[in-house]
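Every chain is numbered from 1, with letters handed out A, B, ... down the list of sequences.
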Number of protein chains: 4
Amino acid sequence: MRNRARILRIARGQLAAGDRSLQLNAIARLAGVGVGTVYRHFPNRHALVEALSEERFRELIGEAQAAVAAEDPFAGLRRLLRFALDLMLDAPDFADVLESAGGVGSQASKMMAELDEAVTGLLDRARLTGAVRDCVDAEDVRRLLCGVQHAVRSGDGARRDLYLGVLLEGLRPPR
Amino acid sequence: MRNRARILRIARGQLAAGDRSLQLNAIARLAGVGVGTVYRHFPNRHALVEALSEERFRELIGEAQAAVAAEDPFAGLRRLLRFALDLMLDAPDFADVLESAGGVGSQASKMMAELDEAVTGLLDRARLTGAVRDCVDAEDVRRLLCGVQHAVRSGDGARRDLYLGVLLEGLRPPR
Amino acid sequence: MRNRARILRIARGQLAAGDRSLQLNAIARLAGVGVGTVYRHFPNRHALVEALSEERFRELIGEAQAAVAAEDPFAGLRRLLRFALDLMLDAPDFADVLESAGGVGSQASKMMAELDEAVTGLLDRARLTGAVRDCVDAEDVRRLLCGVQHAVRSGDGARRDLYLGVLLEGLRPPR
Amino acid sequence: MRNRARILRIARGQLAAGDRSLQLNAIARLAGVGVGTVYRHFPNRHALVEALSEERFRELIGEAQAAVAAEDPFAGLRRLLRFALDLMLDAPDFADVLESAGGVGSQASKMMAELDEAVTGLLDRARLTGAVRDCVDAEDVRRLLCGVQHAVRSGDGARRDLYLGVLLEGLRPPR
DNA sequence: AATGAATGAGTCTTCATTCAT
DNA sequence: TATGAATGAAGACTCATTCAT
């Protein structure tokens, strides 16, 4: 699977270079590989995006699981959200995946479930200490964070901490 | 200018139907109008989007100016943000315009300035009552609201009030 | 006929500016006149080109008639061809008209006949002195000169006199 | 590369039939080939024209190199120019290429240089016998011949030999 | 498994021309 | 006479996808 790796590397390079179109033809050319090869590994653009997300997903899930174990659950949540936000800012396509509903049966949806599960645990713990509203669940937090990512991205990036702070305060129980 | 209006109506319909591509050819066909006619009125997709935004912008600016006069500024802000959010949910392209930096010299950027000005006034008043953080300005609020719109849209829409509530609480001065 | 003149002026300007497309729409706009107005005066691009040629034609015919009266017919021919060449280099569209067969019945074809008639006289006189081949007629000379114009134009213009000299020597009876 | 050849054949046919537009879409249809295939082989009209020219260029360069070896250089020149003229009359687009300056770096400009080099040799030899003017170079001859081609084409073709004769006599040193 | 030539539907855009006002 | 909005045929070009080798 040397080719698969090469394709992924090129695709990542394209995204990093600001080209989000991920045209399989172009990637094949850059990877020095036939178009057909790309299509065997990734039947469509989405499959490629998911594959690209996998590594990020693993990182993020790891971080989430670590956060559950944090002494102060709200602090753990803060750390986790900051980590996730940076990940998304760095990889817009990963942000798309996190924001999407996640097609049933896809690899990504499994990882998403794993992620949400960890976050659910974290939220439950935080709720016990009265640090988080009753009604928000892991999916809400994920979506709201994706929203914050859009907000940060539409500005110059300097407002990252402010916007994240707004989200975190907003998640607390209303006074 | 019967045709111009017809084109705008069709374009709005397309957006409402979930097709955000705004293909000028398709719009021409649906509007029962020659392609050339569409191109005469709107030389490119962007011009069309801006025209579509204009009406929404006027509504929104009006609402913002009304909100400044509200007895309770924070209640005014809540009402305004809910109004804006609904507008954006209804018209994704308008959301894009609100989220964009606003190209210099465009019609949209003038209206954006007008909007931000009104919101600035509202925020200033709210700050006097201690209802809003010091550090957020009108642009921040606009961007954050666009973020919330993404969050609501990526879900099933049922979380609109919750997500807006999170934003509003988050805007208050941190405890 | 204020408009007609205005249109012609603009068209000349376009040609002078290197735009040979003579799009009637564009000319109308530049002339501050409706497209329809242009179309009434000049039903198509060709009619406009012919009208533009008229003035040049008159000049050229005048020059040709003067040349017939020259003391030395070959010198007269040389002067005439140089004049015509400069005219064509200055106005590529006029060159096109001179090179074309000239649609029957058009205004241009009448003037072309007038021109050729004068040149025929000049050639006849020159032939009497043995300065010109037997077999070339006015039409040949016109076409060959158009050819020289292409040659000059495809270079940098500096070869004008050389190429004209080649033509003139070539017109002499072969040794 | 069966398709490439087919495309070239069709393109040649179009030109021969008097259609100089070389529309890639039309050629694809006539060649019974997808548009994309044509675009793959020839990204634009110019690339196609150059490819079409290549074969003609080779013929012509061969002929020129042969002419250099002719016993009588002026006779060789006559034969070469007649050959080239027929080639151009047969293929107007090739005439365009020969007449153009030749974009730097293009395949055509390399072949043009080769052609001009051979003609330069021929002219040098002819000059030694006093058969050709001092001041004309290979480029001049090429341009003048293109001019003659225009002249022949604008007439009915019957004047080919006459016009070529005019050029050849004109190239001799003036008396 | 790998290749990459081929496909062609789809989209964008221009511009000569008409015609109701 | 003049206007200019409207037309739509025509042409250029892209790119996701297939399939014979």
- Can you tell me the distance, in whole Å, between the CG atom of Leu24(B) and the P atom of dT7(F)? 15 Å
- Whole-Å distance, Leu48(C) CG to dT17(E) C1', equals 15 Å
- Item | Opposite nucleotide pairing with dA20(F), Watson-Crick or G-U, both atom distances under 3.5 Å | dT3(E)
- Query: Are Asp93(C) and Arg45(C) within salt-bridge range, i.e. N to O under 4.0 Å?
  - Reply: yes
- Query: Arg29(A) has an atom CZ; how far is it from atom P of dA5(E), in whole Å?
  - Reply: 12 Å
- Query: How close or far is atom P of dG11(F) from atom OH of Tyr39(D), stated in whole angstroms?
  - Reply: 11 Å
- Query: How close or far is atom P of dT18(E) from atom CG of Asn44(C), stated in whole angstroms?
  - Reply: 10 Å
- Task: Taking only the side-chain heavy atoms of Val35(A) (C-beta and beyond), determine which of dT11(E), dT3(E), dT17(F) contains the nearest atom.
- Result: dT17(F)
- Query: Please give, in whole Å, the distance from dC12(E) P to Phe42(B) CZ?
  - Reply: 15 Å
- Message: If you assign each of Ser21(D) and Gly36(B) to its closest nucleotide in DNA chain F, which residue comes earlier from the 5' end?
- Response: Gly36(B)
- Could Arg58(A) and Glu54(A) be called an ion pair, given the rule that one side-chain N must be under 4.0 Å from one carboxylate O? yes
- Task: Would you name the heavy atoms of Ala31(B) and Arg6(B) that are closest together and state the gap between them?
- Result: O-CD, 2.8 Å
- Query: Taking only side-chain nitrogens and oxygens of His41(A), does any of them come within less than 4.0 Å of OP1 or OP2 of dA1(E)?
  - Reply: no
- Counting N and O atoms only, with roles assigned by atom type, does the side chain of Arg142(C) sit under 3.5 Å from a partner on the main chain of Leu98(C), one being a donor and the other an acceptor? yes
- Parallel, tilted or perpendicular: which fits the ring planes of His150(A) and His150(B), with parallel below 30° and perpendicular above 60°? parallel
- Is Arg45(A) touching bases, backbone alone, or none of the nucleic acid, heavy atoms closer than 4.0 Å? nothing
- Message: If I take atom NE2 in residue His46(D) and atom P in nucleotide dA12(F), what distance separates them, rounded to the nearest angstrom?
- Response: 16 Å
- Asn3(B) or Asn25(D): which one's nearest nucleotide on DNA chain F is closer to the 5' end? Asn3(B)
- 5'-most contact on DNA chain E (nearest-nucleotide basis), Leu22(B) vs Arg40(A), goes to Arg40(A)
- Query: If only side-chain N and O atoms of Thr37(D) are considered, is one of them under 4.0 Å from the OP1 or OP2 phosphate oxygen of dA5(E)?
  - Reply: no
- Message: In this structure, how many angstroms lie between the C1' atom of dG4(F) and the CD1 atom of Ile7(C), rounded?
- Response: 14 Å
- With nearest nucleotides of DNA chain E determined for Gln23(B) and Val38(A) from heavy-atom distances, which residue corresponds to the more 5′ nucleotide? Val38(A)
- Message: Tell me which nucleotide, if any, is Watson-Crick or G-U wobble paired with dT13(E) when both distances must be under 3.5 Å.
- Response: dA10(F)
